[in-house]
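Just so it is clear, the structure is predicted and the values come from calculations on it, not from any experiment. By convention in this document, chain letters (A, B, ...) are assigned in the order of the sequence lines, proteins followed by strands, and residues within each chain are numbered from 1.
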Protein chains: 2
Amino acid sequence: MTSLRKLASHLGLSITTVSRALDGYADVAVATRERVEQAAKAMGYRPNPAARRLRRGVGETVAFVLPTDPGHFHEPVFSELLVTVGEELARHEHDLMLLAARPGKDEMAVYHRLVEGRRADAFIIVRTRHQDERIAYLMAKGVPFVCHGRTDTAEPYAFIDGDGEEGFHSLTQRLVARGHRRIAFLSAPTHLTFAGLRLAGWRRAMQAADLAADIVEEAEPTEEGGFALAHRVLDSHARPTALICATDRMAIGAIRAAADRGLTVGSDIAITGHDNIPAASYCQPSLTTMELPTRLIGARLADMVLARLGGADLRDLTEIHGLVQMPRGSSGETNLEGVVRTADAQEAVFEVTEGRKT
Amino acid sequence: MTSLRKLASHLGLSITTVSRALDGYADVAVATRERVEQAAKAMGYRPNPAARRLRRGVGETVAFVLPTDPGHFHEPVFSELLVTVGEELARHEHDLMLLAARPGKDEMAVYHRLVEGRRADAFIIVRTRHQDERIAYLMAKGVPFVCHGRTDTAEPYAFIDGDGEEGFHSLTQRLVARGHRRIAFLSAPTHLTFAGLRLAGWRRAMQAADLAADIVEEAEPTEEGGFALAHRVLDSHARPTALICATDRMAIGAIRAAADRGLTVGSDIAITGHDNIPAASYCQPSLTTMELPTRLIGARLADMVLARLGGADLRDLTEIHGLVQMPRGSSGETNLEGVVRTADAQEAVFEVTEGRKT
DNA sequence: GGCGCTTTCCAAAACGTTTTGGAAGACAAT
DNA sequence: ATTGTCTTCCAAAACGTTTTGGAAAGCGCC
């Protein structure tokens, strides 16, 4: 197509000058620059990304590897994150590469291929784990990355996260205030950082209220997982009056389990989640939940990864955001009829709770 | 890192020979090839993709542009498609590039940037429309693509689709057989091809049964859309006894609307969807739906796009697959207690109904 | 010993960009 | 006139691969 060479010969300039004119170097005359820019636009010139990557040694490509089981990927949170990250990256002329790999051997093989094959320049890591092989590897290789969620490591690293500990603490307090005494926690696998934090928030609130934090079960953060755990917990001799679920998907499973036993969710039993996925507004009753405004987070994640690529200081890239609580019918906290949606929460409170320096 | 040059000098061979040895040309001695392969593995050689792309003129990159509204992307179907397509492409050393753009100006700008900037070699197009600008553009440019869904065009094009017309026809027949007479259709916008087909299937069955196909409403294929339409339709003087929704998300909204009016879904009113998203199993009652096994479709889509890149004949790349019906509680067709899941349907009937030659 | 045929290898060009290390010219100061 | 300083431009190398068009060596055959 239109190469730098064509452009140059058409203008009667050297290819060097054209290149530098377009890149805004000071060493080309103003008149020349304008002439070049005009011609470039007229001829529809677009630099060849392959050539640029080859010469520069880096391509503007960010990889997003979904830690997903073979064919299952139904995480509304990640979906939304994906598109917002993609939009933001595209705005800065960067490409988003999407891959999927189940945690474990396959997953690391993907990272190796991408890093060693120079296919990606930076990574976005989601669903972080306490001990996270991915993070250790990228750190060792010196490849920039940003995490959605935290991990256990001595070195500083860039991340953005919701304050799950605080969010679940305050939720639990609310339930306690409403008279609940036996509150169960349906957890996601605690090797996932977010699960441990949410669990800790619940536990802290329970202990502060002198209540036994003894009903904890753990399963995959899916409808199926929540469904199974709820059944198990509701079987116990001293049935809890509230089920705090680590995620909305689990809560939706739990609601179904409770209903199958003839319990009226919202009055007989309170059930809550986290994420505010669209389905949460359409359960019966609507699901009490909390959220980290995904769109803003996605854009921020993209900006952070771009900052990392630009060599920004790591310590400016750690953010913990407050969660927006959305009490709804499933915890009996609202008497509203019909569907309770909170699209406006997207625009709601969104501030950095803590700029942590690790 | 390890370049071809390093490898060559280390082996005492020319860079040409090393390249050809690794590419399996006949003109290198067996002994040499083995020596080269061994050294390549030992030194961890990986061809630099940028260099390769530059020289070859094509990069192994497939773009997937999600036609999504600003920050909203909650289509479980696309999510699942994404990961399976990604996996399959990765298996063949291809990259999947993800972008998002709302239909209209922005969307076409993305296509222009990708095509003219040589950032993508092929496209996967989803949520096809009757008149589809994307398809017209790619055809004009001669860029390979594969559609998930059909479009109206004289020229042949590669696509894979579920037989929505037949699926909704047979669903409607089933409902009629169960005694329903006033059956409403809650449609997605009919400029989307799939919506028109599903609508047509319902209409054909209604007419064949001498029933009035007069309750049709149209909205976005979201929970919110289904919710609004259901309310509107249930308001009418002669309330329907069944609501056939174009998608599961709409059906979930409709279920909520019916429940809000005190109707018992499954007995007072039947509600059905399409897609078999995970939430469909956890509604109350479980949602009657049908599905196109997404994993298989995703892999097939990837294979087709690879075939297109390999120059395969278009006419071998048109497939319409039969849908798997899953009757569940929301249409009163099953008396099963509890959650009805059909994960096994993934492995179920899956055959090409018709290999169409356009 | 000249010719042709195989087999095995390689030098060099090319892809389109960025960047290095000047060169040429204008102008001012000496 | 020489020297120095700016400003503006450019030739050429480099990034790492693939591919073209041979070359060299070995062998058989007349």
Side-chain angles (χ1 to χ4, degrees), chain A residues 1-37 39-40 43-61 93-95 113 115-121 309, chain B residues 1-37 39-40 43-61 93-95 113 115-121 309:
Chain A
M1 310 252 136
T2 349
S3 68
L4 221 38
R5 194 205 316 267
K6 281 218 192 75
L7 205 50
S9 81
H10 173 260
L11 283 163
L13 286 170
S14 86
I15 171 180
T16 309
T17 304
V18 177
S19 170
R20 301 183 71 96
L22 293 175
D23 275 11
Y25 278 69
D27 87 349
V28 21
V30 179
T32 317
R33 155 160 318 118
E34 278 168 3
R35 214 157 58 87
V36 171
E37 280 169 350
M43 302 183 58
Y45 169 73
R46 314 229 189 191
N48 180 318
R52 169 176 289 193
R53 287 196 238 270
L54 174 58
R55 172 62 226 223
R56 286 205 184 145
V58 303
E60 297 107 349
T61 306
E93 317 274 70
H94 281 244
D95 295 333
R113 194 173 74 87
V115 170
E116 282 147 35
R118 300 172 214 70
R119 305 181 92 89
D121 306 303
L309 281 169
Chain B
M1 310 249 137
T2 349
S3 70
L4 220 39
R5 193 208 315 267
K6 282 221 191 74
L7 205 50
S9 80
H10 175 260
L11 283 163
L13 286 171
S14 85
I15 174 179
T16 310
T17 304
V18 176
S19 170
R20 301 182 70 96
L22 293 175
D23 274 12
Y25 278 68
D27 86 348
V28 20
V30 179
T32 316
R33 155 161 315 120
E34 279 168 0
R35 215 159 57 89
V36 171
E37 281 169 348
M43 303 182 56
Y45 169 72
R46 314 229 189 190
N48 178 318
R52 170 176 289 193
R53 288 197 237 270
L54 175 57
R55 172 63 226 221
R56 287 206 185 145
V58 303
E60 296 108 349
T61 305
E93 317 274 72
H94 281 243
D95 295 332
R113 193 173 74 86
V115 170
E116 283 146 35
R118 302 170 213 72
R119 304 183 91 89
D121 306 301
L309 280 169

Of all the heavy-atom pairs spanning [X] and [Y], show the shortest one and how long it is.
| X | Y | answer |
| --- | --- | --- |
| A:L54 | B:A51 | CD1-CB, 3.8 Å |
| A:A39 | A:L11 | CB-CD2, 3.8 Å |
| A:R113 | B:D95 | NH2-OD1, 4.2 Å |
| B:M43 | B:T2 | O-OG1, 3.3 Å |
| A:E60 | A:E93 | CB-O, 3.6 Å |

Any chance you could lay out the side chain to side chain contact (heavy atoms under 4.5 Å, CB included) test for A:L22 and A:L4, step after step, and finish with the verdict?
CA-CA 10 Å; A:L22 293 175; A:L4 221 38; 4.3 Å; yes
Quick one: on DNA chain C, does B:G12 or A:S19 contact a more 5' nucleotide (nearest heavy atom)?
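Looking at DNA chain C, the more 5' nearest nucleotide goes with B:G12.
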Comparing B:L13 and A:L54 on DNA chain C - which has the more 5′ nearest nucleotide:
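Going by which nucleotide is closer to the 5' end, it is B:L13.
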For DNA chain D, note the earliest and the latest nucleotide, 5' to 3', having some atom under 4.0 Å of a heavy atom belonging to chain A.
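So the outermost contacting nucleotides come out as D:dT8 to D:dG16.
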When rounded to the nearest 0.5 angstrom, what is the spacing between CZ in B:R53 and CZ in B:R119?
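Between B:R53 CZ and B:R119 CZ, I get 10.5 Å after rounding to 0.5 Å.
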Quick one: does A:R46's side chain have a donor or acceptor within less than 3.5 Å of a partner on B:V115's backbone?
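Looks like no, no N/O pair under 3.5 Å.
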Does anything in residues 23-34 of chain A come within less than 4.0 Å of DNA chain D? Heavy atoms only, and list the residues if so.
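Residues of residues 23-34 of chain A that come under 4.0 Å of DNA chain D are, in numerical order, A:D27, A:V28, A:A29, A:T32.
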Need one value for B:S3: base, sugar-phosphate or nothing, where a base atom within 4.0 Å counts as base even if backbone is also close, heavy atoms only.
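It contacts sugar-phosphate atoms only.
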Using a cut-off of 4.0 Å on non-hydrogen atoms, how would the nucleic acid contact of B:R53 be classed: base, sugar-phosphate, or nothing?
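Counting heavy atoms under 4.0 Å across all strands, no contact is made by B:R53.
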